[in-house]
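Working notes, structure below.
In each ligand, atom 1 is the first atom listed, and ligand 1 is the first ligand listed. The figures that follow rest on heavy atoms only: side chains count, while hydrogens, waters and symmetry mates do not. Since this is a predicted model, take the numbers as computed values, not measurements.
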Amino acid sequence: MRLLVLAGDGIGPEITAATLSVLRAASDRFALGLEFAEDVVGHESLRRFGTTVRPEVLEAARSADGLILGPTATFDFKDEARGEINPSKFFRKAFDLYANIRPARTYPGLPGRVGDFDLVVVRENSEGFYADRNMAAGSGEMLVTPDVAISLRRITRLCCARIAWTAFALARDRRKHVTIVHKANVLRLGDGMFIEECRKAAREFPEVATDDVLVDAMMAHLVRAPGRFDVIVTTNMFGDILSDLTAELSGSLGLGGSLNAGADYAMAQAAHGSAPDIAGRNLANPFSLVLSAMLLLAWHGRRSGQAAFGAASAAIGSAVEAAIGARETTRDVGGNLGTRETGAALASRLLKD
Ligand code: ATP
């Protein structure tokens with residue numbers, strides 16, 4: 001498996017280096033033959049090449065079997081005419097990575113704030129309220145007068161249907177429960193369509209139970225009793241917000257792993273941003289990106305039929321769980337190691353276990 005690795009901005013280079021040390025250990029132990037090509041995106045690319053994403057990087061991504069994207073400073077990249085392309089948006093669009101899979105769970109030994117849970121947010125990733133990417137040309141956000149702004153939300157039947165199907169297929173292999181999260185009392189047409197397509201998918205998976213919850217109520221339910229949820233399917237913006245909450249409830253935003261998957265390509269990318277406040281200080285928790293890479297290995301294993309990738313992915317998950325239990329972690333989850341040391345300890349645990 002050849003992977004393109006783009007470290008990104010802020011804490012990106014630190015958590016990416018730690019993730020690569022873990023992946024190298026997994027590759028050694030399970031004979032995966034992982035190969036890594038590294039390139040740059042984000043601020044470093046803008047400085048060196050005048051654009052945050054060069055066409056050569058897209059070509060390199062196309063010829064790789066998957067992509068690891070570190071967090072990028074998306075808030076800084078405002079003007080595409082000046083080369084400020086949001087790399088995250090760019091790759092999601094280029095490969096039509098329509099499903100953003102964001103698992104969150106509590107860990108033994110890490111005191112939960114709200115009781116134990118193990119859930120997955122399945123977030124539509126290609127349209128919705130992301131006005132900077134939901135149009136074929138131009139932007140879905142406009143200024144009518146200096147004092148009037150309009151932001152468009154796009155919902156299409158096809159995108160609803162494919163994310164719904166992804167969620168139900170995932171739930172079938174888990175605890176067989178899908179919760180549809182929406183705001184159909186206000187967004188009657190768009191979220192109405194979303195619910196309709198989810199209900200259609202539900203009929204294809206009769207063994208999976210389904211309910212639906214308004215997004216505002218969902219915030220309260222998640223804080224009160226997250227253990228009652230298994231798979232949560234929702235539109236793009238709601239999924240982004242909900243999954244930061246679920247990652248933090250699991251112990252830290254630094255545990256927020258995520259996979260962006262399309263029909264035939266996938267990209268590992270932590271759920272959080274570039275956290276400039278802690279960048280360069282060896283403080284960031286690398287587990288978010290490690291867990292993202294774990295999801296990518298499992299995805300590749302399923303597609304290629306190579307069981308070793310599934311086994312490596314499961315071993316990484318177990319090693320993370322054991323590391324958290326043993327407090328071999330960064331400070332945000334109770335340890336006192338740096339980013340580098342956390343990665344090194346996890347890599348050697350993986351080789352030992
Ligand atoms: P951006 O503008 O790139 O989204 P941000 O700092 O506004 O960056 P996040 O990066 O998502 O937003 O993070 C919010 C806060 O959570 C950070 O300020 C940081 O303190 C904490 N945080 C995020 N990621 C991690 C991590 N991997 N390890 C530890 N703390 C983290």
Side-chain angles (χ1 to χ4, degrees), residues 6-22 40-46 52-53 68-79 84-92 100 102-105 107 110 113 121 123 125 129-130 132-133 236-260 267-295 316 320 323-324 327-346:
L6 304 168
D9 300 307
I11 59 173
E14 298 163 81
I15 64 171
T16 302
T19 300
L20 290 188
S21 68
V22 173
V40 291
V41 290
H43 275 300
E44 186 184 345
S45 176
L46 189 62
T52 51
V53 188
I68 295 183
L69 178 65
T72 54
T74 50
F75 199 70
D76 295 349
F77 305 140
K78 297 185 174 80
D79 187 355
E84 297 172 3
I85 301 159
N86 171 351
S88 169
K89 159 191 124 170
F90 179 83
F91 291 111
R92 287 177 187 180
N100 190 201
R102 294 186 161 183
R105 51 162 291 198
Y107 292 88
L110 185 62
R113 296 172 183 158
V121 177
R123 164 195 180 200
N125 214 19
F129 234 133
Y130 279 67
D132 64 337
R133 67 199 69 168
N236 201 342
M237 185 76 82
F238 295 160
D240 189 33
I241 297 167
L242 274 179
S243 58
D244 262 27
L245 174 65
T246 54
E248 189 61 33
L249 289 176
S250 82
S252 167
L253 213 44
L255 295 176
S258 119
L259 186 73
N260 298 270
M267 170 170 88
Q269 183 190 19
H272 58 72
S274 63
D277 55 332
I278 54 169
R281 296 164 57 196
N282 201 30
L283 285 175
N285 189 339
F287 286 172
S288 53
L289 196 57
V290 168
L291 292 169
S292 307
M294 174 194 88
L295 295 169
I316 293 175
V320 166
I324 291 174
R327 292 278 190 274
E328 270 179 16
T329 63
T330 45
R331 289 178 203 167
D332 56 317
V333 286
N336 59 9
L337 300 182
T339 310
R340 250 188 323 275
E341 295 72 23
T342 301
L346 190 64

message: Applying side chain to side chain donor-acceptor pair (under 3.5 Å), can you list everything that pairs with Glu84, at least two apart in sequence or on another chain?
response: none
task: Output all residues satisfying side chain to side chain donor-acceptor pair (under 3.5 Å) with Asp332, sequence neighbours left out; order by chain, then residue number.
output: Ser252, Asn285, Thr330
Closest heavy-atom pair and its distance - Pro286, Ala18: CB-CB, 3.6 Å
- request: Indicate whether the side chain of Asn236 and that of Arg123 have a donor and an acceptor atom separated by less than 3.5 Å.
  value: yes
Donor-acceptor contacts under 3.5 Å from residues 71-78 side chains, at least two apart:
from	atom 1	to	atom 2	distance (Å)
Asp76	OD2	His43	NE2	2.7
Lys78	NZ	Phe75	O	3.0

Is there any protein N/O under 3.5 Å from an N/O of ligand 1, and what does the full list of such pairs look like?
from	atom 1	to	atom 2	distance (Å)
ligand 1	3 (O)	Ser274	N	2.7
ligand 1	3 (O)	Ser274	OG	2.8
ligand 1	8 (O)	Ala275	N	3.4
ligand 1	10 (O)	Gly273	N	3.1
ligand 1	10 (O)	Gly273	O	3.1
ligand 1	10 (O)	Ser274	N	3.4
ligand 1	10 (O)	Ala275	N	2.9
ligand 1	11 (O)	Gly273	N	2.8
ligand 1	18 (O)	Asp277	OD1	2.8
ligand 1	18 (O)	Asp277	OD2	2.8
ligand 1	20 (O)	Asp277	OD2	3.0
ligand 1	24 (N)	His272	ND1	3.4
ligand 1	27 (N)	His272	NE2	3.1
ligand 1	27 (N)	Asn285	O	3.0
ligand 1	28 (N)	Asn285	N	2.8

task: For the pair Asn100 (side chain) and Leu259 (backbone), establish whether a donor and an acceptor sit closer than 3.5 Å, ignoring hydrogens and angles.
output: yes
